[in-house]
Each structure stands twice: as C-alpha cells, then as structure tokens.
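Here's the structure, in structure tokens; my notes come after.
Note that this is a predicted model, so its numbers are computed, not measured. Within every chain, numbering begins at 1; the chains are lettered A, B, ... in the order of the sequence lines, protein sequences first and strands thereafter.
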Amino acid sequence: MNPWVILGIEPCDDPRAVKRAYAVKLKQNRPDDNPEAFQQLHSAYKQALKVAQTRARSRQTGEAPPESVVRPEPAVAEVALETVEAADAIEAAVISEPRAAVATEATSLQSNSEPAPEAEVGEAAAQAQSVELIANTCEEDTEADKEQAAEDAARQLRIDEYRRVLEVVDEVLRDPLTINREDRWHFLGTSPYMLEDEYNWNLGLAVFERFARFNQKAANRKGKYRTHVTENVLAYCDQLFGWSGNPRAYYQQFDEDLADTLFDALQLDSEERDPTSAIRGGSKLIRQKTKVVAEQLNYYFFGSVLGRSVAVILDILLVHLTIGVFATAIIMKVSGLSESDAGLYGALVSTGLYLIATWLAECSEWQTTPGKWLLGYRVTDKNFGRVGYWHGLWRSFSFLLTIPTYKIGWFINCFLGGNLMHDRLSRTHVINYRKSREEHLRRQG
Amino acid sequence: MAIIGIDLGTTNSACGVLQEDGVTLVPNRLGELLTPSVVGLDDAGELIVGRTAKERLINHSDRTVAAFKRLMGTDHKVKLGRQLFSATELSALVLRALKEDAEAFLGEEITEAVISVPAYFNDNQRHATKLAGELAGLKVERLINEPTAAAVAYGLHEKREGNFLILDLGGGTFDVSILEFFDGIMEVHASAGDNFLGGEDFVEAMIDSVLNELNIEKSSLSPRQQQNLYMQMESAKRRIGQPGAQPLELELGKEKVQWVASSEWFEKVATPLLLRAKRPIERAMRDADMPPQTIDEVVLVGGSTRMGLFRSMVGRMFGRLPSCHLDPDTVVAIGAAIQGGLKSRNAALDDIVLTDVCPYTLGTGIVNEDSPDQGDYFLPIIDRNTVVPVSIVRQVCTASDNQTELRIDVYQGENRLVKKNVYLGELSVPVPKGPRGQEAVDIRYSYDMNGLLEVDVKVISNGKTYNKLIEFTPGALNEKEKTAALEKLAALKFHPREDEVNRALVARGERLYESCLGPQRDAISRALGEFDRILNGQNQTEIKKAQASLQEFLDRFDGEDWI
C-alpha cells in the first residue's frame, strides 16, 4: 500500500511533516492495541521518511553546491597502508607525522574521492571525532609554539609506547607455550593511551597484521602442527580494538586472504562469560540443570499384557544371549561344573543382571528397556514423568515380590487393564508412548 | 489501583509510582529511596533484604548474597544456610520487599507493576524477571527496557525534541539505546549492550589487579576477607580522582598490606573494560545509521556512570559533555513508574507513545550440509533492532526423505552458527512423509512489547497449526514447580517493619566490629551492648535517642555510604 495514503498526507519532501503525520496516526494506532496496524504504519513511515529525506537533499544540492562530505577514513587507510608495507621506522612516522599534514592529505584525498551519498556509519564513530581532533590541533598549532612542543612531547610518548608494546607482542609471539594464554596478552589492555582512538586504531592495525601473518604462516606449514593465535586471544583483542565491529576497514588494509585468517576465527568465537564470577555471598553456588520435562500428552494408553510379556522375553533373551552365555562359559571354566549346572548358575546371573539393567534403563532418560523400546513403551511415574532411581528400585523390588505368585499372578494381571500388580504396588505406569503420542497429535491437529 | 514501576538492579533497586503531581519514589523501611539488591537469612531463618543484608555480607557471607541478577535465566542456584535459591526466587524476594514498601507508603494493596530490565537482556532473562514478579505476587504489566525507561523520564522532564543516546552503566549490565523524540513520540532506533559489564566488573578487575601484583591467590583469602576487600575496593573506586586519598589497609591472608589506589592505577585497570563499553556504543550508532554528529544529547544513567574515566571517554567520543541532570540511580525507576501510569492510561500521558526495538536477532537452526561438525546454521527470522511488536514468517522445508517430524530450535544471537548463539528452546511438529524438500512449514516469530517471543508453526500441506510455548527454557518452571516455589517463599517472613532501623544499625556495627581492631573494637562492642540494653527496655523515646547516637558513633568509623 502507498505509504502516503497510510500516513494520510500528500507526498512531500519535508521530513518534519512526515514525522508529524506519523505522530498523529500513531496515537490512534498504539502498538499495544493493534500490533499489525502499527507495523504497517511504521514501515510506511520509514518509507515516506526516506523518500522525503532524499528529495529534501536533492533539492538542497540543486540550489546550493554539495556540502562536502567529510571522509577521513581514506586518509587513515593510506597512512595505515604504509604501516603494512614498510618497517618500524615508517610506523613511527605514521604517528609522528604532523597532524596538519594528515589533515591536508585527508582533504585532498576527499576532494579526489567520489562523494559518498551513504555515509559509512561504521567508521564514522571512530574517525569523525579524530577529524575534530585534527581540526582542533590545526588551530592550536598556529596559536603557540609552546603548545606545539608539548604536543610533540606527548606524541613522542605515544610513539615510544607503541613501539614498546609491539616489541612485547613480538616477544610473546615467539613463545609457543604461552601464546594462547589470554592473560599473557593483558598488557595490551592495560597499556596507556588505549582509550585514544588514533593510538588504538594504529596499534590495533599493527597487532592485527602481526596475528594474521603469524596464523597464515602457521596454516601454510602443511603436515606439521604449528601454534597459532587461538580464538580466545583473538576475542580478547577484538574487545580492545573492535576489529569485528568494522571488518571493512581491515579488508581495505590487507589482502583478503590475510584478513580472512583472523575474521574467520573471530566469527567462530563467541564470548562466553561466566555469570557466576561476580556473585558475592552464599555458602555454595551450584548449577542445577533444568529437568527435561517429558512432553505432556493429553491421552495415555497403557501397554498391553501381551506386549509387555513380549518385551520382557526380548529383554531376557538379550541379556541371556550376551551375558548369560559368557557367564555360563566362565563358570564352567572356573568351577569345573557340568554344563547343565553351570547353565543354571549362568541363568541366575543373567536374571540378576536383567533386573539391574532394567532398573537403570527404565530410570534413565530413555525411560525404557530395549524390548519395551521396540514396542514403543515407556515407564513413567504416576504423573507420567520420569521415574527416579530410588523409586525405580522399589519398582524392581515390587516385581520380585510378585514373582512367587506367578501361578495366579499372570491370570490376575490379564484383568488389570495393563496396569499390572507390580505397577500398582510401586505406583508406576508402563505406557504405550508411541500410540499415546500419535493420539495426542491427532487430536491436537 | 496504582501500577508501580520497579527498577530491579544488580546492585540497587528502587520503586516509584505516578501520582497526580508526578512521579514519587517510594521510600523503603529505612526511609531510603534505594534498596540494595541483597538478600539474606538471619540465624532465626528470617528474611533480610536491602541495606541490613548488605551490611551482613561480610560477617554472614554464607547466608547472604548480592549481585544475583547476573544469574537470571540460568540454571544456577545459590545456597543460603541450608536452602537453595534460584536467582528468580531471590529477585522475587527483593520485589516483595519493594511491594510491601509501596503498600505501606500508598496505603493500598499493590498487585501490578512495570519492571525494568536491561535492554540487552535475552528472552530467558526476561521470562525469569517476569516470573520473579509473579512469585512476588505482582502481575507484571510490562517489562520496560532500562535505557528506554530512563529516556521516558528524561523526555518528560526535558520536553525536548531530537536524538538522544542513552548510556546505562549499572552495577552489572551496560546498555546503549538511541532514541528520537518528536511530537510526543519516543522512538527507539537501536539498542545494544553487554550483559556482563558493570560497576561490579570494575571492582572485580581492581581486586584481581591487587592480588596479582601482590602475588596472592584469591582462594587463600577467607570469605570474610574477600568481602572486606570487595567493600574497600568499592569505596576506593568512588574516591578515585578525589584529592587526599589515604592508602588502604588491606588484610590479605596473614599479612597486612598498604595499598594506594591512584588514578593512574585505576585507569590502567579500567581501560580494557572501557574499551569493551565502546563497542556497543559504536554498534548502536551503526545499526541506527546515526553518526555521532547527529546525536543531540548524550544521557548518562546508572550509578557507575559517575566514574570520571567513563565520562571523559564519552566526552571524547562525542566531543561534548554528557548530561545527567536526573539522579542516575533513580531515573530508571521514575521511567518505569511513568510507564506504569501509561499502562493504566493516566490522563496526563495520553499524548505519549513509546516504540521500542528488539535488541537481538532471533532465528532458528537449519541443517548445515557444508560442515556438519560445526552444527546447524542460524537462520535469522527477526533481525535485531526491528521495531516491536512484530511478527515475521519464514518458510523451511524437510531436510531428508520420509521425515516425519520437524524440530524447530529457537535461538537468539548474531553468529552464523547456532551453537554460538543463545538457545531459547525448541518445539517439534509432525509432518507428512515425503521426499526431502517437499514438506514445508511456516515459522512465525512474534515478538511483543515486553520483549517476549512466541513461536507459531504451520504445516503447509495439511494446514495444521501448532502454537506451542517454548519448552526446555533454562530456569523456567512448570505449574507444579511454581506452586512449590511460591510456598517456599511464602514460608520466609520479613521482620516487623519498625524493627528494620535497629537491625540495620546493629548489622552495620557488627560489620565495623569485624573490620576494626584494638580499642576501636572494644568501643564498638560496648556501644552495641548499650544499644541492645536500651532496645530491651522498650522505651520508644529512649530508643529513638539511642538510634541517633549510635548512628553518629558509627559514622565516626566510616563516613562511607555503602549504597
């Protein structure tokens, strides 16, 4: 729909009028009351505002010469390129170069470069202000030589610090054992002048390049593993220099492969901070995993007696064939009993193991034994939740208790609606999970 | 019935209400406007919240806890005495204390509240905050983002139009929001932040630096020494830059050390944290497409913005002084109270509308066939800084032949791999069998004004829709657990309100007793004994007099205000 119609005004080139119209309409369509109408109104507003702003700008440019868009970024880029190409001597020059010169370079470059209609907001944060600084210093320069001297001294301090820090960087890079310990790099964060944009930018660039070259070299040595700067260190430095906030600037500085080596690693990393670090007090801090709540179904079917008998037979067979046979063989070997006697003991062992394995499996997060799983059965407590281990032990014990009554027990069980004697005794259920879930979804859908 | 506004902070909380003549902040039982977010149990198992609990952090650190807001929306639990508490429950106790204060102040029952949360709080943390409100017996009418609340307070106060950048550096979180005001509209353009950056981290960094330089393991300090060191550093942090700083007397393990907290040292310690704070600011400006020169005013919120270093950093970034005419500690509570008034359609606020954004990208996982070992790819559905409320649909299809079920994982974050993003929950829907890619579902994400997410799924081929709540959320409770938590909290009782002043004084005296030595210690002990005697006498005028004199007496030992 036409945004102007939604806003209820004629197309115009006055952003203020668009805002006014939006304000009026918005008070009739509060976001709380009518979210959809609000979304429509808001996107219409954004569209109309953009049109109005573009028109207003083109009208201005038609009347007056284009306002020169200040783009300091290429200047810094130029400077930084030198850093890459040349040795430390030039690096010093980068910073020590009188700012006035940098400023003129910036202006000359900017007059050459295409006027960019869309300002690079990314760079703007850091650099717009350095322009301001540069502008300020230019004025001051003409004011007094004394200030100039003080400034030179201050600049010299920064250059010295910059060199010193880079020396330490190289030193740490030479030591493969500690290179990936984040605390080894903390000297970067605590270095003075880090809060100054120009210094931070230049140092960040130099460190970026050193890391990238180091990792590239490590990657190119095929076959043999070589230490590289890992993600934790990169993430720490990223916080200091804000590399990932402004990748374009770095892709302009370095060739793509080189920049890729670090940005790929940075992309992989995410900051995971320990939320417990700042907690004060309390005798103990523990982490309790949220219990995975079984999906609440609205319809439940109990397992049938036949199905459950099959499941038990399958489970016993499984245990007997795997462990019982082994146990028999071992008993025969060790005690020298005859095959039939040893088989009896072996059966006893596997029955015992069957009980233990069933107990553990039914109380585990699977809530089922292999035999029951095949039939889609699950064991639950009376609220259809997972059975606790103590509760499960009681269930197994109840099962043992009902075994002596097997002569009439199986007969009774047939009439208990799938909720067998030992289930009732231990207050557990065996449900046909598959069938229950299908029914649940069928009714819900 | 009034809807109160609550600022539930990491370090301090506050509460306000909009009345005919503007917002009034609610004093707590000690008559103060700020209530420290500290919860403790006394020896009798009775509940202590606020300043009294904060004083007890040193001597009774095993039964008292602070800064638990950091644990909101996680599975962590804190043990106080013999009981386990989640951060949600602890927050609920603070909220209950504030609610009772408001009830006593307004003389009516309070059942509804607007609670502020950091703009950068994720879905889990927001749900946990809402749940905390419910556990405290408050219907949470709205969760408002802290910087937005501050902006509301400023906007109404200043009545100025233009673009505002709000920087909210609190005790535990840092938020950045860019807003525009015009014609009674407050539009948030972008929000960014860091959930683990606040005043507490600066103190933490100071402690680490001290221990590192003196070569002492933190674990070798007793809990009491750790708390004491914390308090000393905390107050040193406030004094940085002020003239006449005394060296601190630190008791570390068996030795006593003198430590000078110089500004140079602090600057060194704080630099990495300040650099971290710059990133969200830059990101918010980038997202809002607003370079620094388009910002008309920079507003500071949160107690930690008093730090000189932070101010000068902001000043340098924007080339102007930031403004902070309103008290940075209470401005969020004021904004929340105004929002409460807006909710109850207070006539004075009829012509004000607030629009906010969702600070994170929300999406789902999709199969990553390029490198399965990296885990699923993230498919964004709602981009960050989209204006809310919003509802967006994306279609996904089955990834293998004869797939019968489609699991939708819900994630929040900016990384292209889901495993690096925050997991919010999942839901599964059945789909008819068919070759891969034939069956498709529409996933609709709806993000409401509270910053809470809802997910709807529609299977295209059979038109069935599933609207399920997200399951498996860390820290979430089902109905049964909620009832249990309510019972557990209801069993905890506050002391009678009128006793609170005495208890706070005694707790402070006990703390000072711990940190002093020799004759000072004896003097404090005598004064406390005397005070006890007068309390037992139950003569109200005597007690009032004794309170004043004990207060004065204790002030001599530390003029520091811990709040």
> How about A:Lys27 and B:Ile185: do any of their side-chain heavy atoms sit closer than 4.5 Å?
Replying inline: yes

>> I'd like to know if the side chain of A:Gln39 reaches the main chain of B:Pro389, judged simply by a donor and an acceptor atom lying under 3.5 Å from each other, with no hydrogens or angles considered.
In response: yes

> Do other residues, nucleotides or ligands put more than 12 heavy atoms under 6.0 Å from A:Glu182 CD?
Replying inline: yes

> Tell me, side chain or backbone of B:Lys278 under 4.5 Å from chain A's heavy atoms, or both, or neither?
Replying inline: side chain

> Between A:Pro31, A:Ser191, A:Ser43, A:Pro35, which has the largest tally of heavy atom pairs under 4.5 Å with chain B?
Replying inline: A:Pro31

> Hey, are the side chains of B:His76 and A:Ile286 touching, using non-hydrogen atoms and a 4.5 Å cut-off?
Replying inline: no

> What do you reckon, is CD of A:Glu365 surrounded by more than 12 foreign heavy atoms closer than 6.0 Å?
Replying inline: no

> Based on non-hydrogen pairs under 4.5 Å, which of B:Val39, B:Leu57, B:Leu71, B:Val38 is most in contact with chain A?
Replying inline: B:Leu71

>> So which residue, B:Val203, B:Asn462, B:Thr386, B:Val390, ends up with the most heavy-atom pairs under 4.5 Å with chain A?
In response: B:Val390

>> So for B:Arg82, is it side chain, backbone, both, or neither that comes closer than 4.5 Å to the heavy atoms of chain A?
In response: neither

>> What I'd like to find out is whether the side chain of B:Val353 reaches to under 4.5 Å of the side chain of A:Leu26, using heavy atoms alone.
In response: yes

> Would you say A:Lys46 has more than 12 foreign heavy atoms packed within less than 6.0 Å of its NZ?
Replying inline: yes

> Could you give the distance from OG1 (B:Thr355) to CG (A:Leu41), rounded to the nearest 0.5 Å?
Replying inline: 10.0 Å

> Side chain, backbone, both or neither: which part of B:Val388 has a heavy atom under 4.5 Å from chain A?
Replying inline: backbone

> For B:Glu180, is it the side chain, the backbone, both, or neither that has a heavy atom closer than 4.5 Å to a heavy atom of chain A?
Replying inline: side chain

> Can you list the steps and then say if A:Phe38 with B:Val387 is a side-chain contact (heavy atoms from CB on, under 4.5 Å)?
Replying inline: CA-CA 10 Å; A:Phe38 164 68; B:Val387 62; 3.6 Å; yes

>> Between the side chains of B:Glu187 and A:Lys19, is the shortest nitrogen-to-carboxylate-oxygen separation below 4.0 Å, so that they form an ion pair?
In response: no

> Of the backbone (N, CA, C, O) and the side chain (C-beta and beyond), which part of B:Leu354 lies under 4.5 Å from a heavy atom of chain A, both, or neither?
Replying inline: backbone

> Of all of B:Arg142, B:Arg63, B:Glu264, which one pairs up most often with chain A through heavy atoms under 4.5 Å apart?
Replying inline: B:Arg142

> Okay, side chain of B:Arg279, backbone of A:Gln239: is any donor-acceptor separation there less than 3.5 Å?
Replying inline: yes

> Would you call A:Asp238-B:Arg276 a salt bridge at under 4.0 Å N-O?
Replying inline: no

> Just how far is it from atom CG of B:Leu80 to atom NZ of A:Lys284, taken to the nearest 0.5 Å?
Replying inline: 13.0 Å

> What distance separates B:Met317 CE from A:Leu195 CG, expressed to the nearest 0.5 Å?
Replying inline: 10.5 Å

>> I'd like to know which of B:Pro223, B:Ala67, B:Gly184, B:Pro272 tops the heavy-atom pair count under 4.5 Å against chain A.
In response: B:Pro272

>> Would you compute the distance between atom CG of A:Leu188 and atom OG1 of B:Thr271 and round it to the nearest 0.5 angstrom?
In response: 12.0 Å

> Got a sec, which residues hit side-chain contact (heavy atoms from CB on, under 4.5 Å) with B:Arg224, two or more places apart in sequence or on another chain?
Replying inline: B:Ile58, B:Ser222, B:Asn228, B:Glu251, B:Glu514

> Quick one: does A:Arg280's side chain have a donor or acceptor within less than 3.5 Å of a partner on B:Tyr230's backbone?
Replying inline: no

> Is it the side chain or the backbone of B:Glu161 that comes within 4.5 Å of chain A heavy atoms, both, or neither?
Replying inline: side chain

> With respect to chain A, which residue among B:Glu267, B:His60, B:Glu200, B:Met72 yields the maximal number of heavy-atom pairs within a distance under 4.5 Å?
Replying inline: B:Glu200

> Would A:His186 and B:Asp208 count as a side-chain contact (heavy atoms from CB on, under 4.5 Å) if you check the C-alpha gap in whole Å, the side-chain angles of each, and the deciding distance to 0.1 Å?
Replying inline: CA-CA 12 Å; A:His186 281 185; B:Asp208 286 347; over 6 Å; no

>> I need the A:Arg16 CZ to B:Phe182 CZ distance, nearest 0.5 Å.
In response: 7.5 Å

>> So which atom in B:Val78 and which in A:Leu285 form the shortest heavy-atom distance, rounded to 0.1 Å?
In response: CG2-CD1, 3.3 Å

>> Please classify the contact between A:Tyr193 and chain B as side chain, backbone, both or neither, with a heavy-atom cut-off of under 4.5 Å.
In response: neither

